[in-house]
Each structure stands twice: as C-alpha cells, then as structure tokens.
There are 2 protein chains.
Amino acid sequence: MLLATADLIDRLSYPSVTIDAVARASGVSKSTIYRHWPSRQALIFEAYTYKTNKLTIVPDTGNAIEDLRTYLMKLAYCLNFAGAASTVSGLIVDAINDDEFAQLYRGTLLQERRKSLLVILVKGQRRGQIRKEADLGTAIDAIYGAVHHRLLVSGQRIDEPFVAALTDLALRGISTAHAQSRAK
Amino acid sequence: MLLATADLIDRLSYPSVTIDAVARASGVSKSTIYRHWPSRQALIFEAYTYKTNKLTIVPDTGNAIEDLRTYLMKLAYCLNFAGAASTVSGLIVDAINDDEFAQLYRGTLLQERRKSLLVILVKGQRRGQIRKEADLGTAIDAIYGAVHHRLLVSGQRIDEPFVAALTDLALRGISTAHAQSRAK
C-alpha cells in the first residue's frame, strides 16, 4: 500500500492522490485502507516518509560532517521529484487547516522525519565533531526550515550549490572567529 | 489604510481581514482600496510587512552579532501577536495556491521582508564580523525558515530560548573547531 501510494505521489500532484486512486492502483478495498490509516493525509504522509527514508539512508562514515552533507544532497534529490513540492506543501497546508491531522503530523510523523537527521548529529556529538552545547533541535528546525522555505515560499531551486551553502552554514555559522571570541 | 489593516490583522484571524472589513474600519471605499492594491492578499502582506518593519527596527550598534540577536528577539515578539501565525501561514498558503499572488509575493514583497536582515548581515561582513564567503541568502533562508517551521509545521513556541539557540546556530554553526579544521 505504501509502495503504491509512493508511486502515485511521484506521478501525480497532491490533490490527485486520493484513497480511490490508491485502491485502484493497489487492488485493495477502500475499507481495508481506512482500517490502517485514519485519513488520506496520514496515508500520504507515511508513504512519502517511507520513500524519503529509503532514499536518504546514509552509511555511517564516522564523520558526521560528511554524513550531514550526504544526507542533504540525497534529500535535495528527493525533493526534485515531480510530486514532492506539491506533496510537502499540501501536507503542511492540511495540517494548518485540520487540527486532528496536525496532532498526528506533529506527534508521530514529523518526529520520525526529524530522526534521520538527529541520528547523524547525535553521533557527531559523541565523537566530538559536533559541539556538545549546540541545540540540535533548533539546527534541525533551521535545516528543514531552509529547505521548506525554498520549496514553499521563495520557490528557489533546491540544488547542489544551495545544499553546499546550507551545510557550510549549519556547520560553521556565518560569523568570523574573531567576532565569536569578542562576543563571548 | 495600512494602519487600519495592520490593526485588523492584530485583532482578527487571516480569513476575517477582508476588503469589506478594511473599508468599514478605514472609511475608505472598496474601489479606492482596489485602485492601490490588486488583491486582498497584497494589501494584507503590505500591511503586515509595514507593521513588522516598524517593530523590528534595530539601531546599528556597530556589532552585527548583537544586532542580529536584537532583530530576532523583536521578530519573535511580533510573531506572538494574536493574528501573526494565522496571517503568515494564510499568506504562504495563498501564494502556493495562487500563481499571480505568488509572483507579487516573491518578486517584491518577500525581497522587502528579507532586506531588514540582509542590511544587518552585509554591514557585519564589511566590518569583518561576518565571514566574507558566508552565503547570506542561504543564512536568511535558514533563519526565516526555522521561524516559519515552528510557526507553520511544528507549532513549537517562538520564544527567547529558541531565538538564543537560533542566533548561536547562525553565528557559530554546530561543528567543533577541531572538526572544521579537519574538514578543510
């Protein structure tokens, strides 16, 4: 079911991925689908997350900095699939307008999506590559936030130069070492 | 007109700020309003930007790092007004669904909104407080992106600890100096 839905997401825009369409594509009845997913949105989110998780698996090289770069390059690749912008923006908009889906989205599914990134960063902290006092939750807000900002707001491309600049920003920040030591 | 609209934004949710409501509140005819703004969205965006620009004026202290911190604290204050989350998410959703508004939003209004932050960062670059090679456009994507991520997606509070963590992240990044020198 997740595979059939993920396939539809790749080919169609968000509003076209209905429970009817999934039932037709998978040969499973609508009532069976509804037994496993409370809503169309929940199914689409899980299918999208399932597909994105599979495509963004990053082998642990022992260097969290390299792994972060690789993860973001793979994520950028996923987001340039035909249906991705439409799906991500559709889900966010639905969560804004529907409290029940918002709770599901925030409580379980969003956490799951953030985990891929968190795992890389926590390993880096253990190895002394990521600062111990860095607030990883905020770093994830900023990384996903920057990507979503391009996808939803500015419409700019999510390409290799952007990913390189975002990785550099996340790792090193924008201030000079001189300014940092003065600000302490 | 902008003042009357900004006042309505503070008191009402986004869908309630109609051209009718603005006409009633300001005593100006609807046809006059439409002569100056092509749509309800354009008027709301300009009024919101006008108000936010006024509330986020940061005196130039000569220290871009302190000025960035002050700017983000003021922005957080604005976003905690009653109508702010509803307005910002409403405008973003409308831009996603309406190509004409999206062009206006991206082409002129969004640039205007990014400028406040860019001015601070460019001055910092000139003074040697911000790295010359830092990609300021991406930094602005990440800063606004993180704020919008909380506002629209995760629903977490935009409060002082978050602003402090975001400023720290933007300035210093998350990696240790050791990891940075090894990655060069």
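Letters A, B, ... are given to chains in the order of the sequence lines, protein chains preceding strands, and every chain is numbered from 1.
- Proximity to chain B is limited to the side chain of A:Q156, based on heavy atoms less than 4.5 angstrom apart.
- Using a 4.5 Å cut-off between heavy atoms, B:L152 touches chain A through backbone and side chain atoms alike.
- Interface remark: B:L166 contributes backbone and side-chain atoms alike to the contact with chain A (heavy atom separation under 4.5 Å).
- Contact annotation for B:E133: only side-chain heavy atoms (C-beta onward) come within less than 4.5 Å of a heavy atom of chain A.
- Considering every non-hydrogen atom in both A:G128 and B:T176, the closest pair reads O-OG1, 2.9 Å.
- Proximity to chain B (any heavy atom under 4.5 Å) is shown, for A:L169, by both the backbone and the side chain.
- A salt bridge does not link B:K123 to B:D67: none of the charged nitrogens lies less than 4.0 Å from a carboxylate oxygen.
- Among A:V93, A:I92, A:V153, the residue with the largest count of heavy-atom pairs under 4.5 Å with chain B is A:V153.
- Neither the backbone nor the side chain of A:Q111 comes within contact range of chain B; no heavy atom of the residue lies under 4.5 Å from a heavy atom of that chain.
- If you tally non-hydrogen atom pairs under 4.5 Å between each of A:P161, A:A164, A:A165, A:S154 and chain B, the highest count goes to A:S154.
- Shown here is B:D60, whose CG atom has more than 12 heavy atoms of other residues, nucleotides or ligands within 6.0 Å.
- The pair B:D7-B:K51 fails the salt-bridge criterion, with no side-chain N (NZ, NE, NH1 or NH2) lying under 4.0 Å from an Asp/Glu carboxylate O.
- Both the sub-6.0 Å distance and the 45° axial angle are not jointly satisfied by B:R40 relative to the ring of B:F101.
- Neither the backbone nor the side chain of A:I140 comes within contact range of chain B; no heavy atoms are under 4.5 Å apart.
- Using a 4.0 Å cut-off between a side-chain N of Lys or Arg and a carboxylate O of Asp or Glu, A:R114 and A:D141 qualify as a salt bridge.
- Within the cation-pi definition used here (under 6.0 Å to the ring centroid, within 45° of the axis), B:R113 does not qualify as a partner of B:Y105.
- Heavy atoms of B:R150 lying under 4.5 Å from chain A belong exclusively to its side chain.
- Residue contact with chain A, scored on non-hydrogen atoms closer than 4.5 Å, involves the backbone and the side chain of B:A139 alike.
- Although no hydrogens or angles enter the test, the distance criterion places no donor-acceptor pair under 3.5 Å between the side chain of B:Q41 and the main chain of B:A102.
- Contact count against chain B (heavy-atom pairs under 4.5 Å) is highest for A:T138 among A:T138, A:L110, A:V147.
- Proximity to chain A (any heavy atom under 4.5 Å) is restricted, for B:L121, to the side chain, taken from C-beta onward.
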